[in-house]
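The structure appears below as structure tokens.
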Amino acid sequence: MEKRRLGKSGFEVSPMGIGCWAIGGQFFFDGKVDGYGTTDDQESIRAVQTALDLGINFIDTADCYGIGHSEELLGIAIEGRRPDVILATKFGHVGNAETKTLQGVCYDPAYIERALEASLKRLRTDYIDLYQFHIGDVHNAEADIVFETLDKLVQSGKIRSYGWSTNALAPARYIASRAGCTAIQHDYNILHDSDDMLHLCEKEDLASINRSPLAMGFLSGKFNRDTQISKNDVRGAGHVWTENIFKDGRPIEEVLFKLDAVREILTSEGRTLTQGALAWIWGKSPVAIPIPGFKNVAQVEQNIRAISFGPLNEAQMKEIDALLGR
């Protein structure tokens, strides 16, 4: 399996990772569900272990996914295999584990150290390979304090590198040159091509970690004009930040048209739609590392099979741009 370099860290990682939001199970944000429906913990553990068996070595989670539950499951899944894993998690959101509710944000130095210790305990490890700030945009003076704290944690050996999970170009540009910063995590898929962020990562020798590479599952092709998603699913719960794909529990007509326009290219050479969506990302840049989510073994296996097809070719990439009017 061809490896990709995780930015300035020099870590060699698989061309895709696995994103572990969904396996955290249900939790709540702003009074709305922030998970992907019911989950099976044993199936989640098997899925993670399957990914490792098939050559995936990059795992991304956050302390707020399931209010710690995703990290707890990963701690079980990777036990005895920790040296084989490049492990990434995030901090900044404060949650109540009893009510499964996100209750605000905090990122002062003392809190960061407490959050890290809690993540280490749940993950059953004594170091994190990539520790990511999970609050998308803060003032530069506040960011300085956060990343100075992370520099100290790198020196202590409790984290090996750090990054920022943000869609905002200005904060990413602000911290890109820091020696310990190795990655920016941001939304990126065929419907949301934030090329400015990708080009920044290329210029500054950072990994572009691509969350939502399958557009919250939309690019699986399982949604249509008759779909109505339950409010017990984050995609139907009414969050403003899902409305570029799903509104009132339904996929937006415009994105359905876009998917129809590129479907034939994405499914070329025997690919599934999801495999084609991942192939498009690999065709964009060697620094791009998609982290598709999953809830079961079958989804993990299908996503990993995309690697054997490789990226879309240059002609296909140009045709997609033309079809989508960009």
Side-chain angles (χ1 to χ4, degrees), residues 14 16-29 32-82 84-85 87-90 93 95-102 118-119 121-125 211-223 227-237 239 242 245-246 249 272-275 277-278 290-306:
S14 43
M16 60 166 271
I18 53 173
C20 298
W21 174 9
I23 67 170
Q26 296 293 61
F27 62 109
F28 300 89
F29 176 59
K32 304 179 182 72
V33 165
D34 204 15
Y36 284 81
T38 58
T39 55
D40 180 328
D41 288 350
Q42 293 306 309
E43 179 73 3
S44 297
I45 292 168
R46 284 192 294 270
V48 173
Q49 293 172 337
T50 297
L52 297 178
D53 292 342
L54 293 176
I56 299 302
N57 74 335
F58 182 53
I59 299 177
D60 178 84
T61 187
D63 61 2
C64 67
Y65 296 163
I67 318 298
H69 191 56
S70 175
E71 289 185 332
E72 291 171 343
L73 293 178
L74 287 176
I76 296 169
I78 69 174
E79 193 164 23
R81 306 177 73 166
R82 179 66 183 92
D84 302 326
V85 177
L87 185 59
T89 191
K90 311 180 195 73
H93 290 284
N96 183 313
E98 292 185 2
T99 62
K100 292 291 185 181
T101 302
L102 290 179
S119 288
K121 182 177 180 180
R122 288 188 290 264
L123 290 162
R124 305 187 184 191
T125 185
R211 63 177 179 236
S212 200
L214 304 179
M216 303 185 78
F218 174 80
L219 293 172
S220 68
K222 63 185 177 183
F223 301 106
T227 297
Q228 179 63 60
I229 303 172
S230 165
K231 290 186 180 294
N232 290 323
D233 185 302
V234 63
R235 294 164 291 195
H239 295 285
T242 68
I245 303 291
F246 300 98
T272 65
L273 271 173
T274 57
Q275 290 164 353
L278 295 169
I291 50 169
F294 62 95
K295 289 178 66 176
N296 55 56
V297 171
Q299 289 172 341
V300 164
E301 290 175 335
Q302 179 184 176
N303 291 339
I304 294 172
R305 279 196 291 272

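Along the sequence shown, residues carry numbers from 1.
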* Asked: Passes side chain to side chain contact (heavy atoms under 4.5 Å, CB included), Met16 versus Ile291? Steps please.
  -> CA-CA 6 Å; Met16 60 166 271; Ile291 50 169; over 6 Å; no
Hey, does the side chain of [X] reach the backbone of [Y] with a donor-acceptor pair shorter than 3.5 angstrom?
X      : Y      : result
Ser70  : Gly66  : no
Trp21  : Tyr36  : no
Glu43  : Asn296 : no
His239 : Val33  : yes
Arg82  : Val85  : yes

* Asked: If we ignore angles and hydrogens, is there a donor and acceptor under 3.5 Å between the side chains of Thr61 and Glu71?
  -> no
* Asked: Going by distance alone, is a donor N or O of one side chain under 3.5 Å from an acceptor N or O of the other, for Ser14 and Asn57?
  ->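 There is such a pair between these side chains.
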Closest non-hydrogen atom pair, [X] against [Y]:
X      : Y      : answer
Pro292 : Gly17  : CD-O, 3.4 Å
Leu214 : Ala277 : CD2-CB, 3.8 Å
Leu273 : Gly221 : CD1-CA, 3.6 Å
Ala77  : Val48  : CB-CG1, 3.6 Å

* With Phe294, which residues qualify under ring pair (Phe, Tyr, Trp, His ring centres under 6.0 Å), at least two apart? -> none
So does [X] pair up with [Y], basic N to acidic O under 4.0 Å?
X      : Y     : value
Arg122 : Glu72 : no
Arg81  : Asp53 : yes
Lys295 : Asp40 : no

4.5 Å side-chain heavy-atom contact, [X] and [Y]:
X      : Y      : answer
Thr39  : Ile23  : no
Leu74  : Arg124 : no
Leu123 : Leu87  : yes
Asn96  : Ile67  : no

In Å and rounded to the nearest 0.5 Å, what is the [atom1] to [atom2] distance from [X] to [Y]?
X     : Y     : atom1 : atom2 : result
Lys32 : Phe27 : NZ    : CZ    : 14.0 Å
Phe58 : Ile18 : CZ    : CD1   : 10.0 Å
Ile45 : Ile78 : CD1   : CD1   : 11.5 Å

* Which of these, Ile59, Asp60, Thr89, sits in a side chain to side chain contact (heavy atoms under 4.5 Å, CB included) with Cys20? -> Ile59
* Check step by step if side chain to side chain contact (heavy atoms under 4.5 Å, CB included) holds for Leu278 and Asn303. => CA-CA 8 Å; Leu278 295 169; Asn303 291 339; 4.2 Å; yes
* Asked: Does NZ in Lys121 sit with more than 12 non-hydrogen atoms of other residues, nucleotides or ligands closer than 6.0 Å?
  -> no
* To do: Can you establish whether the number of heavy atoms outside Gln228 located under 6.0 Å from its atom CD is more than 12?
  =>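 Check passes, neighbour count above 12.
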* For Thr38 and Gln26, run side chain to side chain contact (heavy atoms under 4.5 Å, CB included): C-alpha distance rounded to whole Å, both residues' side-chain angles, the deciding distance at 0.1 Å, then the answer. => CA-CA 7 Å; Thr38 58; Gln26 296 293 61; 5.9 Å; no
* Sequence-distant partners of Thr274, side chain to side chain donor-acceptor pair (under 3.5 Å), two or more places apart -> Thr272, Gln302
* **Phe218 and Phe223 aromatic ring geometry - parallel, tilted or perpendicular at 30°/60° bounds** =>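 If you compare the ring of Phe223 with that of Phe218, the planes turn out parallel.
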* To do: Could you tell me which residues satisfy side chain to side chain contact (heavy atoms under 4.5 Å, CB included) with Lys222, sequence neighbours excluded, listed by chain and number?
  => Ser220, Arg235
* Could you go step by step and tell me if Ile56 and Ile304 meet the side chain to side chain contact (heavy atoms under 4.5 Å, CB included) rule? -> CA-CA 8 Å; Ile56 299 302; Ile304 294 172; 3.5 Å; yes
